[in-house]
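Inspection log for the structure reproduced underneath, given as structure tokens.
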Amino acid sequence: MTSVYIFGGAADHADPRQKDKAVVGGKGANLAEMAAIGLPVPPGFTIATEECLRYLEDKGAFSKQLEDAVAAALAHIERTVGKRFGDPADPLLVSVRSGAKVSMPGMMDTVLNLGLNDETVEGLTAVSGDARFAWDSYRRFIQMYGDVVLGVDHGLFEEALEVAKEDNGLLADTEMGSEDWQALVGEYKRIVAEAIGRDFPQNVHEQLWGAIRAVFDSWDSERAKVYRRLNDIPRDLGTAVNVQAMVFGNMGDTSATGVAFTRDPATGERAYYGEWLVNAQGEDVVAGIRTPQYLTRAARERANAVPLSMEEAMPEAFAQLSRVFDLLERHYRDMQDIEFTVERGKLWMLQTRSGKRTAKAALKMAVDMVAEGLIDEREAICRIDPMALDQLLHPTLDPAAPRDILTTGLPASPGAASGKIVLDAETAEQWAGRGEKVILVRVETSPEDIHGMHAARGILTARGGMTSHAAVVARGMGRPCVSGASAISIRREERALTIGKRELKEGDVITIDGSAGQVMAGEVATIEPELAGDFGTLMDWADRHRRMKVRTNAETAADCRRAIGFGAEGIGLCRTEHMFFDAARISAVREMILAENEAGRAAALAKLLPEQRADFAAIFGVMGGLPVTIRLLDPPLHEFLPHGDAEFAELAAATGRSVEQLKRRAGELHEFNPMLGHRGCRLGITFPEIYAMQARAIFEAACAVEGAPPVPEIMIPLIATRREFEILRALVDRTAEEVFAQGGRRVDYLVGTMIELPRAALMAGDIAAEAEFFSFGTNDLTQTTLGVSRDDAGRFLTQYVEQGIFARDPFVSLDIEGVGQLVELAAERGRAARPGLKLGICGEHGGDPASIAFCDRIGLDYVSASPYRVPIARLAAAQSALR
Ligand code: ADP
Ligand code: MG
Ligand code: MG
């Protein structure tokens, strides 16, 4: 079985492995596919991902087999283009590119023009008849190869170029002539020799293998690791290498290079979208060195730009390109992100892939493509990443709020964000780590900034276009981004910057509007998002296809209202302790906790009863007849205790007891391990009057509802044994009867438990004999099963994920193989004991798509998620049902 696949020319593209992105990477698979459907693709070959893993395993050795296969594949390119690699008279040049199964910005940058040396550059000059082009290509090659393969600081090359331009009084690269480039090549070679202690490699085969080696090595680079960690990409995918004959966009004014999307990746609008540059090569368009031009006339006019669009400047090549766009969209049935080059009027395709898009665009495209008959409703549902919806659910800038606009750049990634200015990725991560909202402001971003971009609320750059690194990555991450705001000048050392005429410092608050490209001083007011339109359409489709219900975790009327707006079908978890923290009641709560005896507690509880009753009445009012699961008090009492002398003094004044007395009592409540201490149902067992008060408040509120009464589901936390549950269920039932007798009205209710201890899961059959529902409290179940405290896990969890001990943070995404077993087993045993037992999940995991799919598979009735996660859960549940 070969691990080198040729494409283009006479290649047959028949091996199914060449279509498999896991084998040849996304770039390799799509290059072969484009060649197979007859598009103009320069010939080349792909070295499969398995060779990368083998190479890393073998500590950098290549097999003889691989060397032979590469030689044969190189011969295929030579035959197809009629040039030989290293031929001093008419050299074949190639590009070397990485390409994993999924697109990974952390990977090695592409090397272009490989195969140039002091001899072949003369041949290239003679054949092209253009010395300027040949020497420009050679200096680009040394620069790229020097930077990415030999590890020479790229700043050195940039400085040398600046100096060369200054010396000659030139402003732009395009003004450099052939002698200027030739002189610069000499300078570049000197820089390389000085940096690495040997000459720039002249042997073209050494060049090629050096580049292949660099691609493989980059798979284990720091930035690739960071990217994989942030995006849950497994290491054992490996990367492929693509070697491809060069075509030249820098052969004068009939040549060009560009990037394009078949639809607008920011809005989803059905219009070609992209940027291009005349007489340019490779990454010039995205590197921000020259300002790229618009692809279409319409886009140019809309932006009021002067330089001609490709549609106007190169109508024939543009016509070829738009035919390719349509063909590719129909072929892949998805929006494509395309890279192309025009060499002396002829169009060449260098890459296509399904394009990254904002959530808004993803929704619009999915809904539009169903209308266009390109895909069906089910596929539309499955195409949307549920987590991406998050972008649409958060507030946007209030159009009526005043805006103190500092400057305007390109609307690179939509959405709005406010935060403190930070000038580098490390600071972004640090400040965000201590809970601050930050906006990362950079001249331009690079893959080393990924972690800072992730930590930031928004990204602002001084340079770079709509397809710059910052723009593409921000859109992928769902961060608002304004790019190319050229009125910004940053002084990193002073931690300060100028925006337009205004001086700002790191730490000053700004707001960016990634949809309008605006940068504003201070924080601008926001409004709630509008969830109609495409969003509503897709959600309706999702609801038609899902089996599981989606509830919400909420305890205030405002949260309940928001969740219902997002489509919640009930409350899966109402945490009563949040009500205890309310400033107006905390003192009664403290009085209750610090009481010396039952009478003292009863007096304090009597103050709390009407407050709790009012809370529940408000919730029942908002929820109408929807089910509401209310959890009785769960956390250890010490969480409510006063902090500091002032609060103790205040409480002493309120209760008429001495500060010493109160402090002593507080000391008695101290626990060594509160997570496993006096909490949950253990409070109900030892202080039954607390649970009795809460149950009373619930029933009184339910009975007072006008019209159809709600069916409260009372949930007892942290049950480990059936006996605990029996005692507390009896307490709840007794309280219910008292309330019903007093008021003369009865309501239906359920009493159930949270399953959050391994013992409860194991004994689920026994407990279900008494409990009418289970709700899996997977936060605690994860803590207690793993023996890991969530609040202390931060110190080691990152390492655990990095070293692959956990695939993902088990508090974010359920540990399906471990904790999941307990959930599944408890569900089975529970249902066996009580057919029809109602089952749900209310941990953080209820909003995580992978965990939701698991809940669907094992037949839970519902998941419960925080209000903003409700639409995510609806979509994830539908996807699970469809897959
Ligand atoms: P990335 O994954 O960062 O997009 P690519 O491997 O696609 O990197 O290469 C970046 C750019 O290099 C491409 O957009 C294209 O313009 C240029 N390029 C790559 N291979 C060739 C080639 N064979 N001929 C001309 N340009 C090329
Ligand atoms: Mg690149
Ligand atoms: Mg590319």
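Index from 1, following the sequence. As the structure lists them, so they are numbered: ligands from 1, and atoms in each ligand from 1. All values below were derived from every heavy atom in this structure, side-chain atoms included, with hydrogens, water molecules and symmetry-related copies excluded. Everything numeric here is computed off the predicted structure, so don't read it as measured data.
Contacts with ligand 1 closer than 4.0 Å are made by side-chain heavy atoms of Thr257 only, the backbone lying farther away. When non-hydrogen atoms are compared, ligand 1 lies under 4.0 Å from the side chain of Lys27 (C-beta onward) but not from its backbone. Contact annotation for Val247 and ligand 1: heavy atoms of both the backbone and the side chain come within less than 4.0 Å of the ligand. Residue contacts with ligand 1 for Gln244 involve both N, CA, C or O and side-chain atoms from C-beta outward (heavy atoms, distance under 4.0 Å).
Outside the 6.0 Å centre-distance limit, the rings of Phe7 and Phe45 are not counted as a close aromatic pair. Proximity of the aromatic rings of Phe62 and Trp209 is defined here by a centroid distance below 6.0 angstrom, and this criterion is met. For Tyr272 and Phe325, the ring centers are positioned less than 6.0 Å apart.
Contact of the Phe200 side chain with the Leu150 side chain is registered, since non-hydrogen atoms from C-beta on lie closer than 4.5 Å.
Polar contact check, Arg353 against ligand 1: no nitrogen or oxygen pair lies under 3.5 Å apart. The shortest N or O to N or O distance between Ser98 and ligand 1 is not below 3.5 Å. Taking distance alone, with nitrogen or oxygen atoms compared against 3.5 Å, Phe340 stays at or beyond that limit from ligand 1.
The distance from ligand 1 to the heavy atoms of Gln351 drops below 4.0 Å at these ligand atoms: 4 (O), 5 (P), 7 (O). Atoms of ligand 1 found under 4.0 Å from any heavy atom of Leu112, numbered from 1 in the order shown, are 12 (O), 17 (C), 18 (N), 19 (C), 20 (N), 21 (C), 27 (C).
Annotation: cation-pi geometry satisfied between Arg228 and Trp219 (NZ/CZ under 6.0 angstrom from ring centroid, within 45° of ring axis).
With a cut-off of 2.8 Å, the Mg ion (ligand 3) has an N, O or S atom of Gln351 in range.
Of the residues listed (Arg290, Lys165, Arg132), the one engaging Asp173 in a salt bridge (charged side-chain N to carboxylate O under 4.0 Å, His left out) is Lys165, and it is the only one.
Taking 4.0 Å as the cut-off, Pro42 does not count as a neighbour of ligand 1 on heavy-atom distance.
Counted within 6.0 Å of CZ on Arg84, heavy atoms from surrounding residues, nucleotides or ligands total 12 or fewer; the atom is thus considered open.
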